[in-house]
S.K.: 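Okay, handing you the structure first.
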Amino acid sequence: MTDRKVFFDSLTKRIDEVLKSKKSRDDKLQTVCRLLKENVPHYNWVGFYLVDKKKQKELVLGPFEGEPTEHVRIAFGKGICGQAAKLEKTFLVQDVSKETNYLSCSGNVKSEIVVPIFKNRRIAGELDIDSHVLSPFTKEDKDFLKKIAEMTSELL
Ligand code: SME
């Protein structure tokens, strides 16, 4: 097992404890963002986007940790988040300068991963991570974040 996998497994346990706690839904999601951002050096902005239940086909920003972003609402298909929502698949962009359909939040961001969160087989939200590092994400990151997305699904 790689060091990264061991580390992600221990972080998964800590996040599981948070999700089992009696905190409110937003408190739990906020704490998940904080734990991810504080413990993984290449996660520099961590947030949840939720599918707007009234205006389907639009994402609305939920709890996040990091610099405030102007992208509080994103239509399906727009940017990396909107593409991930429309296609219902994980988007891993190791170099955002090469992505044409991209919504920039800050010039410091070099890479991004967006993992959809499904509830009752339908997309209900996304976990979005921005990194200031080029090509930092490995298969371990992808597997780990998919697991965290599954664990948070019932809250959405
Ligand atoms: N870069 C995203 C927008 C959201 S921010 O990363 C917080 C995108 O292209 O969809």
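In listed order, ligands and their atoms are each counted from 1. In what follows, residues are counted from 1 in the order of the sequence shown.
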S.K.: Yes or no: does Gly47 have any heavy atom under 4.0 Å from an atom of ligand 1?
M.R.: no
S.K.: Could you check whether the rings of Phe64 and Trp45 sit parallel, tilted or perpendicular, using 30° and 60° as the cut-offs?
M.R.: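 Parallel: the ring planes of Phe64 and Trp45 meet at under 30°.
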S.K.: In Å, rounded to the nearest 0.5 Å, how long is the span from CG of Leu19 to CD1 of Ile148?
M.R.: 7.5 Å
S.K.: Starting at CD of Glu38, measure out to OG1 of Thr31 and round the result to the nearest 0.5 Å.
M.R.: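 Glu38 atom CD to Thr31 atom OG1 measures 10.0 Å (nearest 0.5 Å).
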S.K.: So, regarding Tyr102 and ligand 1 (criterion: nitrogen or oxygen to nitrogen or oxygen, under 3.5 Å), is there a contact or not?
M.R.: no
S.K.: Evaluate His71 for polar contact with ligand 1, using N/O atom pairs at a separation under 3.5 Å.
M.R.: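 Min N/O separation from ligand 1 is not below 3.5 Å for His71.
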S.K.: Thinking salt bridges, do Lys13 and Asp9 make one under a 4.0 Å N-O criterion?
M.R.: no
S.K.: Quick test: of every protein heavy atom, which one is nearest to atom 8 (C) of ligand 1, and how far off is it to 0.1 Å?
M.R.: Ile80 N, 3.3 Å
S.K.: Strictly by side chain to side chain donor-acceptor pair (under 3.5 Å), give each pair with a member in residues 53-72 just once, sequence neighbours left out.
M.R.: Gln30-Glu65, Glu58-Arg73
S.K.: May I ask you to check whether Gly79 has an N/O atom sitting below 3.5 Å from an N/O atom of ligand 1?
M.R.: no
S.K.: Using heavy atoms and a threshold below 4.0 Å, how should the contact between Glu112 and ligand 1 be classified: side chain, backbone, both, or neither?
M.R.: side chain
S.K.: So, does Tyr49 sit close enough to ligand 1 that a heavy atom of it is under 4.0 Å from the ligand?
M.R.: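 Judged by the 4.0 Å heavy-atom criterion, Tyr49 does count as contacting ligand 1.
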S.K.: Could you tell me whether a side-chain N or O of Ser111 sits under 3.5 Å from a main-chain N or O of Val133, the two making a donor and an acceptor?
M.R.: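 Yes; judged by distance alone, with no hydrogens or angles, the pair exists.
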S.K.: Which value, rounded to the nearest 0.5 Å, describes the distance between Leu29 atom CG and Leu156 atom CG?
M.R.: 6.5 Å
S.K.: For ligand 1 and Cys105, I'd like to know whether there is a polar contact (N/O to N/O, distance under 3.5 Å).
M.R.: no
S.K.: Hey, is Trp45 touching ligand 1 through its side chain, its backbone, both or neither, going by heavy atoms under 4.0 Å?
M.R.: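 Side chain only; the backbone of Trp45 stays clear of ligand 1.
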S.K.: Name all residues meeting the ring pair (Phe, Tyr, Trp, His ring centres under 6.0 Å) criterion together with Phe91; count only those two or more places apart in sequence or in a different chain, and write none if there are none.
M.R.: none
S.K.: Using a 3.5 Å cut-off on N or O atoms only, is Leu103 in polar contact with ligand 1?
M.R.: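 Yes; the residue has a nitrogen or oxygen that sits under 3.5 Å from a nitrogen or oxygen of the ligand.
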S.K.: Side chain, backbone, both or neither: which part of Asp130 has a heavy atom under 4.0 Å from ligand 1?
M.R.: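 Under 4.0 Å from ligand 1, Asp130 contributes side-chain atoms alone.
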S.K.: Report the part of Asp128 (side chain from C-beta onward, or backbone N, CA, C, O) that has a heavy atom under 4.0 Å from ligand 1; answer both or neither where that applies.
M.R.: side chain
